There are 2 protein chains.
Amino acid sequence: MNKAEILIIDDEPQIRKLLEITLESNDYKVWQAATGKEGIIMAANHPPELILLDIGLPDKSGHDVLKELRTWYAKSIIMLSVQNSEADIVKALDNGATDYLSKPFRSAELLARIRSAIRRNQSQSIETKMVCGDLEIDIPARTVKKGGELLKLTSTEFNLLALLSINEGRVLTHQYILKQIWGMGAQSETQYLRVFIRTLRKKIETNSDKPEHIHTESGVGYRFV
Amino acid sequence: MNKAEILIIDDEPQIRKLLEITLESNDYKVWQAATGKEGIIMAANHPPELILLDIGLPDKSGHDVLKELRTWYAKSIIMLSVQNSEADIVKALDNGATDYLSKPFRSAELLARIRSAIRRNQSQSIETKMVCGDLEIDIPARTVKKGGELLKLTSTEFNLLALLSINEGRVLTHQYILKQIWGMGAQSETQYLRVFIRTLRKKIETNSDKPEHIHTESGVGYRFV
DNA sequence: TCTGAAATAATAAAGAAATAATAAAGAATC
DNA sequence: GATTCTTTATTATTTCTTTATTATTTCAGA
């Protein structure tokens, strides 16, 4: 089996060294970047299985790097920060971080979180066929069945449903959904999204006035259940 | 197992004596300093697991000692204050104190606070998914479950609960919470906070008249337990 | 340690603002 | 030409903010 590749983006050499030793001795392949810019380039050239990203970078804040990465990088990103910056956590997680770890950290905990994050990457690609109540979604075949009967969805509708269902249970922000489905330019076109959510609900919900699958989180986004 | 070491910085000999007796009989190793200056030197030479710091010191104010310690000392600092000094307490918490106790204090409460503070030293990383009694808070997914059932919180309610729960056991001052959730401009809008605490309690507490999770610290702030 | 005034907190409720749902018509695409 | 997408306008809903009232806590003085 191939070693899973992990990219470390952190400006402190001793932290990078510590992470490198810990990770390589646990059979990961490690890549390193000292600045946000460098990290983004490395991730683009050679997308790793997981990124460890420090919040306090010299060139640009880790939050900005996170946002930039999240425009195209879908796998796990674990944020690292110094102690006592709880306010950063909610922000980072809102911007799409997978998890969060405060420095200094115990290596057992680091490894546990990395395993969990990588497992999540994989489950994303494995569970391509899912059953949610009366709904059956088959992503490779691009089909959706409700109560055994095939539904007719447009391409965009299907992409939207697939995105939501892969992230079952978690809230996806409007921004994130728009970026994923319509690309960078559409991030503020919330109205698009509403219209498509409407047509989707009409098709997949038994009663579209009382949606069971697609829940609205006012001010934030939508959640598939 | 080693005894945890606690440094007391207080000018009143009878208080030091009382603390010494209480703590040593509970299996802590106690160090003592009568002035701020002395305390800083002792802490530097031999960093303890926890510092108990009196706000009213003769040579320099406890606030200054706190600030100086916080430039390098990351572990817990519990402030001791006389009664009727909310302003001091708020100031101390905003300067990075872990907790506070008003003199005279009951020894059971002292010991409970010390245990909680020392526990926090040890688990330095912040959990993004936490279980508190019947509550389950998952920050990345933005979900809260009570007794296994999903609760419906608004965006602001969730942010508030996330902030409180990340700082479990600590008192967060009104000012701090307002700044974190509503931004700089809202620091004096204490009434906002009360209204949101109210709606949160209604949703997460079994009996909102007797809140188990969100405790009020009158004149100071709130504490999540 | 009790008591009452003052400060602080909790609560309810209504009005304002922000956000979301919906319908429907015009553009673009296949 | 039918389907799908985008835009606009309107209505509905949710959330936030403010105000007023009541309850609780704190603390000084007896």
Side-chain angles (χ1 to χ4, degrees), chain A residues 142 144 151-161 164 171-175 177-178 181-183 185-205 207-223, chain B residues 81-90 100-105 142 144 151-161 164 171-175 177-178 181-183 185-205 207-223:
Chain A
R142 293 184 75 84
V144 182
L151 294 183
K152 191 167 182 323
L153 299 191
T154 73
S155 168
T156 311
E157 284 164 6
F158 183 84
N159 291 342
L160 179 57
L161 179 59
L164 286 167
V171 177
L172 300 184
T173 64
H174 300 130
Q175 281 219 338
I177 299 174
L178 286 162
I181 305 285
W182 285 274
Q187 279 173 55
S188 56
E189 302 282 357
T190 319
Q191 186 54 22
Y192 275 22
L193 188 50
R194 297 210 181 99
V195 173
F196 277 86
I197 289 286
R198 161 75 175 152
T199 63
L200 248 186
R201 278 177 173 158
K202 265 186 170 172
K203 292 181 182 178
I204 69 171
E205 300 285 1
N207 176 1
S208 75
D209 290 340
K210 260 197 149 191
E212 284 167 27
H213 290 299
I214 301 176
H215 290 202
T216 302
E217 298 283 331
S218 193
V220 184
Y222 294 94
R223 179 209 311 276
Chain B
S81 75
V82 293
Q83 276 185 307
N84 318 336
S85 55
E86 270 110 27
D88 275 338
I89 291 166
V90 169
Y100 72 93
L101 271 173
S102 292
K103 293 190 271 192
F105 34 75
R142 288 186 83 88
V144 181
L151 295 184
K152 194 169 181 319
L153 299 191
T154 72
S155 174
T156 310
E157 284 163 7
F158 182 85
N159 291 340
L160 178 57
L161 179 60
L164 287 167
V171 177
L172 300 183
T173 64
H174 300 132
Q175 280 220 337
I177 299 174
L178 286 163
I181 305 284
W182 285 274
Q187 281 178 54
S188 56
E189 302 281 357
T190 319
Q191 185 54 21
Y192 273 22
L193 187 50
R194 296 208 182 101
V195 173
F196 277 88
I197 288 287
R198 161 72 176 155
T199 62
L200 249 187
R201 279 179 173 156
K202 264 188 172 172
K203 291 181 182 180
I204 69 171
E205 301 284 2
N207 177 0
S208 73
D209 290 340
K210 260 197 148 190
E212 285 166 26
H213 291 298
I214 301 176
H215 291 199
T216 302
E217 302 277 329
S218 193
V220 182
Y222 294 94
R223 182 200 303 267

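All figures in this text were calculated on a predicted structure; none of them were measured in a lab. Order of the sequence lines sets the chain letters (A, B, ...), proteins ahead of strands, with each chain counted from 1. Scope of the values below: all heavy atoms of this structure, side chains included, with no hydrogens, waters or symmetry mates.
Atom CD1 of B:Ile89 is separated from atom P of C:dT8 by 13 Å (rounded to the nearest Å). Atom pair A:Ile197:CD1 and D:dA12:P shows a separation of 22 Å (rounding to whole Å applied). We find that NZ of B:Lys152 is positioned 12 Å from C1' of C:dT19, with the value rounded to whole Å.
Between C:dA20 and A:Arg198, no contact under 4.0 Å exists linking OP1 or OP2 to a side-chain N or O. Under 4.0 angstrom from either OP1 or OP2 of C:dA20 there lies no side-chain N or O belonging to A:Thr190. Within the 4.0 Å cut-off from OP1 or OP2 of D:dT6, at least one side-chain nitrogen or oxygen of A:Trp182 is found. Contact check, B:His174 against C:dT8: no side-chain N or O comes under 4.0 Å of OP1 or OP2. For B:Tyr222, a side-chain nitrogen or oxygen approaches OP1 or OP2 of C:dA10 to under 4.0 Å. The side chain of A:Ser218 places no N or O atom within less than 4.0 Å of a non-bridging phosphate oxygen (OP1 or OP2) of C:dA18. Contact annotation: B:Thr216 side-chain N/O to C:dA10 OP1/OP2 distance is under 4.0 Å. At C:dA21, none of the side-chain N or O atoms of A:Lys210 fall inside 4.0 Å of OP1 or OP2 (strictly under the cut-off). Of the side-chain N and O atoms in B:Tyr192, none sit less than 4.0 angstrom from OP1 or OP2 of D:dC16.
For A:Gln191 against C:dT22, a side-chain-to-base donor-acceptor contact under 3.5 Å is present.
Side-chain N or O atoms of B:Arg223 include none that pairs as donor or acceptor with a backbone N or O of B:Glu217 at under 3.5 Å.
Taking only side-chain atoms of B:Arg194, from C-beta outward, the nucleotide of C:dT19, C:dT11, D:dT18 with the closest atom is C:dT11. For B:Glu189, whose side chain is taken as the heavy atoms from C-beta onward, the closest listed nucleotide among D:dC5, D:dT18, C:dA21 is D:dT18. Considering only the side chain of B:Val195, D:dT17 comes nearest among D:dC5, D:dT17, D:dT26.
Heavy atoms of other residues, nucleotides or ligands lying less than 6.0 angstrom from CD of A:Glu205 number more than 12.
How far CD1 of B:Ile214 is from CG of B:Leu160: 6.5 Å, rounded to the nearest 0.5 Å.
Residue B:Ser155 is out of contact with every strand shown, counting any heavy-atom pair closer than 4.0 Å. Note on B:Glu157: nothing from the nucleic acid sits closer than 4.0 angstrom, heavy atoms only.
Salt-bridge check for B:Lys203 with B:Glu157: passed, with a basic side-chain N closer than 4.0 Å to an acidic carboxylate O.
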